[in-house]
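Here the structure is a predicted model, which means the values were calculated and not measured.
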Amino acid sequence: MTDISDIRREYTLSGDVHEDMPSDPMALFTHWLEVVKDSNIADPTAMSVATVDETGQPFQRIVLLKRYDEQGFVFFTNLGSRKAKQIAGNGKVSLLFPWQSIDKQVAITGIAEPLSKKEVFSYFVSRPKDSQIAAWVSKQSSPISARDVLESKFSELKAKFAKGEVPLPSFWGGYRVRPLSIEFWQGGEHRLHDRFLYTHVEGKWDKTRLAP
């Protein structure tokens, strides 16, 4: 066994936490996201999406948050992907924003609901054309023999759609995760971290401070 237990540091990058945290977790999320964006870290909207299969086995992967509001957090994906198949069987998911460079995390539990075709189309046409084509190329999560298969198909479709618009694939869509809880974690010295849990109860948010 390789012992790496001596890799450690103090968590002092997050700034001060005040007891008068806002009553609306979405306002706090927006503020923290702006702090992350201002810190110029790579992929500030990257989040882990955790799902479970029919046996209860958890899976995680990183996707990009594309939109959010009071109704939830939106991401897009291939509807034939492993994550989409697992969501179809169990819509309960967890999201995690791991903003280590500023010693902050946001963990969300909620229900993933499919987006309407109108919402999906609106986002799809806003993507760069090469990204639109790539959506057609990949049968996400299915086995392939080599990378050349993808590159050859991409070149073929790029030529096909060179002079026209790329249609929305029927197998491409997205989800809105309606939050049931949102936990804000902020690092503190001596492992005395700050944690605030917002729980959605009967149309409003209850806030609780948790021990680290």
Given 3.5 Å as the limit, does a donor-acceptor pair link the side chain of N78 with the main chain of S138, or not? yes

Would you check if the side chain of K207 reaches a backbone N or O of M21 as a donor-acceptor pair within less than 3.5 Å? yes

Over-ring placement of K104 relative to W32, 6.0 Å and 45° cut-offs: yes

Out of curiosity, [X] [atom1] to [Y] [atom2], how far, rounded to the nearest 0.5 Å?
X	Y	atom1	atom2	result
T77	L64	OG1	CG	11.0 Å
S126	F121	OG	CZ	10.5 Å
S81	K139	OG	NZ	14.5 Å

Is it true that [Y] and [X] share a donor-acceptor pair across their side chains at a distance under 3.5 Å?
X	Y	answer
T51	R61	yes
T109	S181	yes
S116	E119	yes

Between F73 and F29, what is the ring plane arrangement, given parallel below 30°, perpendicular above 60°, and tilted in between? perpendicular

Do the ring planes of F171 and W136 sit parallel (below 30°), tilted (30 to 60°) or perpendicular (above 60°)? perpendicular

Looking at R147 and E151, does any basic side-chain N land under 4.0 Å from a carboxylate oxygen? yes

